[in-house]
Amino acid sequence: MPWRAAPGSFSDPYHVWLSEIMLQQTVVATVRPYYAKFLAAYPAIANLAAASVEEVCGHWAGLGYYARARNLHKCARAVAILGDFPRDIAGLRELPGIGPYTANAIGAIAFGLPVLPVDGNIERVAARIFAITTPIPAGKPAIAAAAQAFMADKAAQAAPGDFAQALFDLGATICTPKSPNCLICPWNKHCLAFAQGIAASLPARTKKAERPHRIGTAYALMDADENILLIRRPPRGLLGGMLALPDTPPVAAKWQDAGSIEHVFTHFSLTLNVLVARHKTLPPGALSGPAATASLPSVMRKALDAARRALNHGS
DNA sequence: TGTCCACGTCT
DNA sequence: AAGACGTGGAC
């Protein structure tokens, strides 16, 4: 990983923090190009603090969970005021967007504090080693508590950051969610789930409630130069602070059907009907143009693509 | 195709 | 303290 330091050495706290925020609920392959883009745009956390929140959200577009981008910016400004990252868990926890996991990740990896950041990987390893069958999420606290026993290990104490990252790797490559490679696992002699032949079934999960379906409308108003009218959504809630197509008609116009797109969010799936219209000029102050459309959340990019297809066919 | 997975934080 | 919050890849 580009954000990792050589074994035995500490990583730059800025790099650890930036990568860990991006890695929340997001896989490494997705994060990689965003991490590179952010470091190019903001070589130091001071550059991030000096940027506008709109610009930061724009760079974040497509990565999802946009509260992370807003908190990233807030956190950068808080760190700018403090002068540097706090070097203790309690201090890190007070920063926006940093919860128990991320505080421990920064503490262990950047500062060598003897703490264990229990992510999904380490949770899975712990559930198996100790054969904890309580389903997640109810069983989460018990699994995290059991995982703390790992820190009794001398190697863990000596290099908490390397230890945590080694466990991440164990979970990602050997102790995988499905078909774990127990036969080559360095810990298989100590694994209760392996001994009982139940490793693949752990951690158990409570069946999720069915995802509701919603229907919405997006309005794409395009001028002669192919600019599309965009709005900025309110700073909280769904796609908070992000650019979007309006969900109510921005002007009186001859709206035409451009088909629909499907999108799945965490807590609902969405059919978005897209309507399009041509207009000579966009309202003054409209956000538009190629730079703006590059900064759209994925659902809005899908809608915009549908709108453009319809307009190009119709003309 | 659809289900699961990415434990993470905030309110 | 239960629910809100995105997206894409693996299988």
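In what follows, chains are A, B, ... by sequence order, proteins preceding strands, each numbered from 1.
In this entry the distance linking CZ of Arg211(A) with C1' of dT1(B) reads 13 Å, nearest Å. Following rounding to the nearest Å, Ile136(A) (CD1) and dA2(C) (P) show an atom-to-atom distance of 16 Å. Counting to the nearest Å, the P atom of dA4(C) and the CZ atom of Arg68(A) are 19 Å from each other. If you measure from atom CG of Leu296(A) to atom P of dG6(C), you get 14 Å, rounded to the nearest angstrom. For the pair Leu72(A) CG and dC10(B) C1', the interatomic distance rounds to 16 Å; values are reported in whole Å. Between Tyr65(A) atom OH and dG3(C) atom P the separation is 15 Å, expressed in whole Å. Straight-line distance from the CD1 atom of Ile89(A) to the C1' atom of dG8(B): 15 Å, rounded to whole Å. Between the P atom of dG8(C) and the CH2 atom of Trp60(A) lies a distance of 14 Å, rounded to the nearest Å.
Residue Pro100(A) is classed as a sugar-phosphate contact, given heavy-atom separations below 4.0 Å to backbone atoms only. Among the protein residues, Ile122(A) comes within range of no part of the nucleic acid, since none of its heavy atoms lies under 4.0 Å from any strand. If you check every strand for non-hydrogen atoms under 4.0 Å, Ile98(A) touches sugar and phosphate atoms only. Residue Arg236(A) is classed as a sugar-phosphate contact, given heavy-atom separations below 4.0 Å to backbone atoms only. Looking at heavy-atom distances under 4.0 Å, Gly240(A) makes no contact with the nucleic acid at all. Residue Arg124(A) is classed as a sugar-phosphate contact, given heavy-atom separations below 4.0 Å to backbone atoms only.
Map Arg93(A) and Asn121(A) each onto its nearest nucleotide of DNA chain B; the residue landing nearer the 5' end is Asn121(A). Taking the nucleotide of DNA chain C with the nearest heavy atom to each of Ala67(A) and Lys178(A), the more 5' of the two is matched to Ala67(A).
When Watson-Crick and G-U wobble pairs are counted only if both distances are under 3.5 Å, dT3(B) pairs with dA10(C).
Considering only heavy atoms from C-beta on, Thr173(A) stays 4.5 Å or farther from Asn181(A) through its side chain. When side chains are defined from C-beta on, Trp17(A) counts as touching Cys75(A), because their heavy atoms get closer than 4.5 Å. At least one side-chain heavy atom of Glu123(A) sits less than 4.5 Å from a side-chain heavy atom of Ile136(A).
Look at His267(A) and you'll find a side-chain N or O under 4.0 angstrom from OP1 or OP2 of dC5(C). At the phosphate of dG6(C), neither OP1 nor OP2 sits under 4.0 Å from any side-chain N or O atom of His263(A). In this model, the phosphate group of dT7(C) is approached by a side-chain N or O of Tyr66(A) to a distance below 4.0 Å at OP1 or OP2.
Straight-line distance between the P atoms of dC5(B) and dC5(C): roughly 22 Å, to the nearest whole Å. Rounded to whole Å, the separation between the P atoms of dG8(C) and dT9(B) comes to 22 Å.
Counting only heavy atoms from C-beta on, Arg205(A) has its side chain closest to dA6(B) among dA6(B), dC5(C), dT9(B). Closest contact between the side chain of Val264(A) and the listed nucleotides dC5(C), dT7(C), dC10(B) involves dT7(C). Taking only side-chain atoms of Leu238(A), from C-beta outward, the nucleotide of dT7(C), dG6(C), dC5(B) with the closest atom is dG6(C).
Between Arg301(A) and Asp305(A) a salt bridge is recorded (basic side-chain N to carboxylate O distance below 4.0 Å). A salt bridge links Arg278(A) to Glu226(A): at least one charged side-chain nitrogen sits closer than 4.0 Å to a carboxylate oxygen.
For the 3.5 Å distance criterion, the side chains of Gln24(A) and Tyr101(A) fail to qualify, holding no donor opposite an acceptor.
Residues from residues 13-31 of chain A placing a heavy atom under 4.0 Å of any atom in DNA chain C, listed by number, are Gln25(A), Thr26(A).
Checked by atom type and distance alone, the side chain of Arg93(A) pairs as donor or acceptor with a backbone atom of Ile98(A) at under 3.5 Å. Put simply, the side chain of Arg70(A) gets close to the backbone of Pro235(A): a donor and an acceptor are under 3.5 Å apart.
The base of dG8(B) lies outside donor-acceptor range of the side chain of Tyr101(A), with no N or O pair under 3.5 Å.
Under the salt bridge (Lys or Arg N to Asp or Glu O under 4.0 Å) criterion, Asp247(A) pairs with no residue at all, not counting sequence neighbours.
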